[in-house]
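Proteins come first, then strands; the chains are lettered A, B, ... in the order of their sequence lines, and each starts at number 1.
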Amino acid sequence: MLMMKMMIITKFRVVVKFLRKGKLVFARSALGRKEKAVTLNILLQAPSTKENERHVRRRTSDVDNDDDDIESEEAMLRDQEERAQLERNIRERDAAGTRKLTEPKLSKKDEEEMIRRSKALEDDDTSSLRKVSRQVYLQKRRDQKLLEIRDDIIDHEYIFEGVKLTEAEERELRYKKKIYELAKEHLDVDDISEYKMPEAYDQDGVVNQEKRFAAAIQRYRDPGAGDKMNPFAEQEAWEEHQIGKATLKFGSKDKKQAADDYQYVFEDGIDFIKESVMDGIQDEDAMPPESPGASSAKSMLQDERKTLPIYPYREELLQAINDHQVIVIVGETGSGKTTQIPQYLHEAGYTKRGKVGCTQPRRVAAMSVSARVAQEMGVKLGHEVGYSIRFEDCTSEKTVLKYMTDGMLLREFLGEPDLASYSVVMVDEAHERTLSTDILFGLVKDIARFRKDLKLLISSATLDAEKFSDYFDSAPIFKIPGRRYPVDIHFTTAPEADYIDAAIVTVLQIHVIQPPGDILVFLTGQEEIETVDEILKHRTRGLGTKIAELIICPIYANLPTELQAKIFEPTPEGARKVVLATNIAETSLTIDGIKYVVDPGFCKIKSYNPRTGMESLLVNPISKASAMQRAGRSGRTGPGKCFRLYTAYNYHHDLEDNTVPEIQRTNLANVVLTLKSLGIHDLVNFDFMDPPPSEALLKALEQLFALSALNSRGELTKVGRRMAEFPLDPMLSKMIVASEKYKCSEEVISIAAMLSVGNSIFYRPKDKQVHADNARKNFHSGFVGDHIALLNVYNCWKETDFSTQWCYENYIQVRSMKRARDIRDQLEGLLERVEIEPTSNPGDLDAIKKAITSGFFHHSAKLQKSGAYRTVKNPQTVHIHPSSGLAEYHPRWVIYHELVLTTKEYMRQVIELKPDWLVEIAPHYYQLKDVEDSGTKKLPRGEGRAEMTQ
DNA sequence: GAGCACTGC
């Protein structure tokens with residue numbers, strides 16, 4: 001079984017190419033077990049960050065404004081395009097993303113379409129296998145060519161050439177052409193050229209195919225057909241061969257020669273060229289942490305402080321802070337800015353006038369930094385130096401240096417709109433541009449205007465210091481060098497077809513020929529990590545003692561804590577550790593001993609479409625800033641090397657400088673509510689550093705109005721004021737506020753807490769899925785709905801006195817439950833604050849459901865004849881997520897918690913609803929006609945009918 | 001009958 005699986009896994013290939021700025025084309029040849037899937041190349045364009053931006057921002061400037069015709073058609077076509085995009089996306093994921101032993105799930109129609117297209121693509125006399133190889137080869141050659149082509153229209157035309165298009169595709173192409181015409185008019189695009197077939201594949205001269213694809217064919221030969229004894233013998237031999245080859249080729253390949261006898265095979269050794277060196281910045285003497293034989297621990301710490309790169313700049317910095325109100329500080333990692341600057345300020349007497357606050361994007365950072373500073377100052381943590389994070393306020397009246405998370409400072413604004421108790425605010429790691437920092441910028445800039453005594457320090461990484469400076473009215477930039485080792489950066493010489501595979505080969509190459517040192521590989525998600533883990537284990541097993549041991553450590557946020565600890569264990573002598581990580585390793589955690597970084601150049605990014613209210617989590621190319629950050633992870637304890645699985649051209653021309661800030665790709669309802677409760681009414685003119693799309697702002701206002709948090713003039717209502725107290729999504733806050741009316745606040749805050757910990761409550765290990773599912777079913781008995789099931793889980797856990805054992809028995813993640821308990825405790829405290837009586841009525845599920853409906857009435861959907869659902873407002877077809885307890889029950893009307901796009905539009909966390917509740921609870925939003933069934937359809941069962949038709 | 005990058009309040 002495992003072997004079969006391995007075969008399937010290795011049969012999936014993805015061709016990933018950077019084509020033009022910010023845009024990627026993925027072409028995936030999905031090799032299923034059946035012919036039909038074999039030759040189909042599904043071409044899809046992942047929405048780039050740029051495109052995501054376009055989802056939310058109408059860029060009328062892109063097209064001619066005067067031409068209404070084009071404008072409206074464009075809008076229509078854009079929808080079509082998006083739709084087609086999603087469909088392709090879905091198909092693509094079906095085919096390869098899940099990597100299971102199942103056929104891609106396709107409708108009958110799609111299937112026929114695929115077969116038809118496959119046939120159109122295929123010559124009769126070529127074996128399908130060779131055909132695939134050839135296609136990948138063609139793809140590769142074409143993509144190389146396309147690197148020079150600056151427009152994707154040509155691309156589309158080529159792809160669809162000779163293939164009958166679906167209606168949607170045709171429309172899309174028409175749209176693209178129209179844009180192309182416009183582009184040609186307005187842009188200088190001379191360099192667009194026609195694509196020509198590679199010479200080797202002209203009509204007659206198909207030369208030496210057998211040899212050219214020998215390795216590929218060997219690899220993909222059906223294991224059952226040839227060698228029955230050991231289906232992997234071939235593959236293993238081949239892999240060994242590959243590794244041998246990799247050793248020879250690595251880093252020493254003559255490029256010219258390579259170009260001459262260019263033979264492309266899958267997973268060839270990967271050639272890298274060293275393109276640049278990220279300079280280490282260091283003072284010659286100060287490099288190794290000095291450990292002078294100091295007399296006491298405290299003075300030793302004081303001496304150590306003086307070795308930090310920032311120390312020589314102390315006086316200069318203090319002078320600058322004295323002279324200017326706002327300063328942008330550019331401090332490389334390891335310069336000591338986070339720990340030292342607040343201390344300098346303290347020593348210079350700023351703390352006499354008020355606190356020094358320093359914000360961090362992460363909780364752990366706030367805690368660990370404050371602990372370090374307390375140690376250096378020789379005081380107890382929580383006295384002069386403290387930290388404040390959610391659930392934990394470790395400060396006292398004495399506290400003068402306060403480290404906190406940025407969200408926490410934002411919350412403090414609510415109680416102290418002028419930050420009167422602070423004399424200095426330092427926004428650290430500002431380049432990360434979290435939602436909270438972006439809002440803080442606007443607020444802090446605003447109060448600095450009338451609080452001239454308030455000093456602002458904005459600390460950022462190099463790349464965008466000037467942007468920060470511009471934003472803060474040309475604030476001076478103060479640069480502090482860091483302490484960092486040089487990192488060699490290597491790019492591939494040609495674009496890599498399959499980044500997963502390229503990463504694996506690269507890891508093996510490093511392992512075989514590079515000096516000792518651990519490897520860090522950046523992947524996009526849990527699934528990819530598991531795949532790579534499996535393949536690496538398999539490939540190294542075959543090698544036995546020929547190579548040193550390779551210890552594979554996966555790390556991602558949802559990994560149970562005890563397994564996470566593995567990455568911090570020191571590597572045994574003679575072995576090498578390879579850490580397979582998600583973005584978590586980019587900023588959130590630091591692993592010592594990493595010397596090599598493998599960076600495929602992708603990560604998952606969440607984006608939000610304000611028009612449909614749907615969120616999606618898609619793979620996107622990273623930004624240059626991210627790439628630098630990743631590379632820097634290898635130079636922390638010594639000189640490092642970074643292997644980028646893309647070309648230098650890609651890096652320079654295709655990657656965006658910075659990741660699109662979160663504020664431009666998220667649901668802003670919460671932001672708007674916060675700002676409104678701070679008394680900021682003119683949101684459109686609020687001084688955002690990067691303003692969010694106005695469409696998203698409007699959507700948020702609309703949503704808050706519907707929740708009656710705002711009145712028709714856009715002012716905060718009493719309900720809104722209460723909602724703003726809760727650190728939750730406004731819909732959840734509304735649900736809690738509404739629970740007062742239905743006398744079930746106890747239950748509702750449990751549900752809110754459980755919902756806000758996310759989807760990590762139920763643990764479902766691969767090998768015990770059946771048990772886990774059975775355990776979960778117990779909580780769903782009676783088709784009560786997912787929200788009630790979550791409530792059941794929480795209550796059961798509480799009854800066992802928060803037992804860990806109980807969690808294990810029921811396949812529930814303890815960590816998530818503890819978090820839910822913390823959140824619930826906090827919410828309970830806040831109930832009192834907004835004067836909602838804790839009331840409980842466990843028997844009355846309808847009351848609970850009504851409270852939920854009060855918050856989530858937007859999210860209603862109705863069953864269609866087809867078995868799918870349709871959302872009531874902004875109609876679109878959606879489905880109940882299979883993990884839901886109601887997946888088999890299919891109630892006529894449902895309320896869902898969230899809509900996510902994966903393989904389909906799925907509603908996650910669903911409860912049944914009586915349609916007349918919608919009119920009862922949200923009469924301003926729903927009218928009778930919305931919930932009445934039209935004449936041709938059956939009326940909802942039960943009592944609803946009489947009431948509705950009267 | 002699917003699959004969730006990462007924070008944060």
*Asks:* When the distance from CZ of Arg824(A) to P of dC9(B) is rounded to whole Å, what number comes out?
*Replies:* 20 Å

*Asks:* In chain order, what residues pass the ring pair (Phe, Tyr, Trp, His ring centres under 6.0 Å) check against Phe783(A), with sequence neighbours excluded?
*Replies:* Tyr889(A)

*Asks:* Are side-chain heavy atoms of Val671(A) and Leu435(A) found at a separation under 4.5 Å?
*Replies:* yes

*Asks:* Looking only at the side chain of Arg411(A) (C-beta and beyond, no hydrogens), which of the listed nucleotides dC6(B), dA5(B), dC9(B) gets closest?
*Replies:* dC9(B)

*Asks:* Report the nucleotide, chosen from dC9(B), dC4(B), dT7(B), that has the shortest atom-to-atom distance to any side-chain atom of Arg390(A).
*Replies:* dC9(B)

*Asks:* For His780(A) and dG1(B), give me the distance from atom NE2 to atom C1', rounded to whole Å.
*Replies:* 14 Å

*Asks:* With Ser733(A), which residues qualify under side-chain contact (heavy atoms from CB on, under 4.5 Å), at least two apart?
*Replies:* Met723(A), Phe726(A), Leu728(A)

*Asks:* Counting only side-chain heavy atoms from C-beta out, which of dG8(B), dG1(B), dC6(B) sits nearest to Lys606(A)?
*Replies:* dC6(B)

*Asks:* Is there a donor-acceptor contact under 3.5 Å linking the side chains of Ser388(A) and Thr395(A)?
*Replies:* no

*Asks:* Quick one: label Thr524(A) by what it contacts on the DNA or RNA (base, sugar-phosphate, nothing), any heavy atom closer than 4.0 Å.
*Replies:* sugar-phosphate

*Asks:* Check whether any side-chain nitrogen or oxygen of Thr405(A) sits under 4.0 Å from OP1 or OP2 of dC9(B), and answer yes or no.
*Replies:* yes

*Asks:* Take the protein atom CG of Leu435(A) and the nucleotide atom C1' of dC6(B), then report the distance between them rounded to whole Å.
*Replies:* 13 Å

*Asks:* How close or far is atom C1' of dC6(B) from atom CD1 of Ile584(A), stated in whole angstroms?
*Replies:* 7 Å

*Asks:* With a 4.0 Å cut-off on heavy atoms, is Ile389(A) in touch with a base, just the backbone sugar-phosphate, or nothing at all?
*Replies:* sugar-phosphate

*Asks:* If you check every side-chain atom of Pro727(A), which of dG8(B), dC9(B), dA5(B) has the closest atom?
*Replies:* dC9(B)

*Asks:* Looking at the side chain of Arg363(A), which of dC4(B), dC9(B), dA2(B) is the nearest nucleotide?
*Replies:* dC9(B)

*Asks:* Just the rounded figure in Å: distance from P of dT7(B) to CE of Met404(A).
*Replies:* 21 Å

*Asks:* Could you please name the option among dA2(B), dC9(B), dA5(B) that lies closest to any side-chain atom of Thr582(A)?
*Replies:* dA5(B)

*Asks:* Hey, is Asp822(A) close enough to Arg390(A) for a salt bridge, meaning N to O under 4.0 Å?
*Replies:* no

*Asks:* Closest nucleotide of DNA chain B for Phe726(A) versus for Ile555(A): which of these residues is on the 5' side?
*Replies:* Ile555(A)

*Asks:* Expressed in angstrom and rounded to an integer, what is the separation of Gln360(A) atom CD from dT7(B) atom P?
*Replies:* 15 Å

*Asks:* Which nucleotide wins on minimum distance to the side chain of Lys604(A), given the candidates dG8(B), dC4(B), dT7(B)?
*Replies:* dC4(B)

*Asks:* Please report the distance, rounded to the nearest Å, between CG in Asp729(A) and P in dG8(B).
*Replies:* 18 Å

*Asks:* Roughly how many Å is it from CE in Met367(A) to C1' in dT7(B), rounded to a whole number?
*Replies:* 15 Å

*Asks:* Any idea which of dT7(B), dC9(B), dA2(B) is nearest the Ala557(A) side chain?
*Replies:* dT7(B)

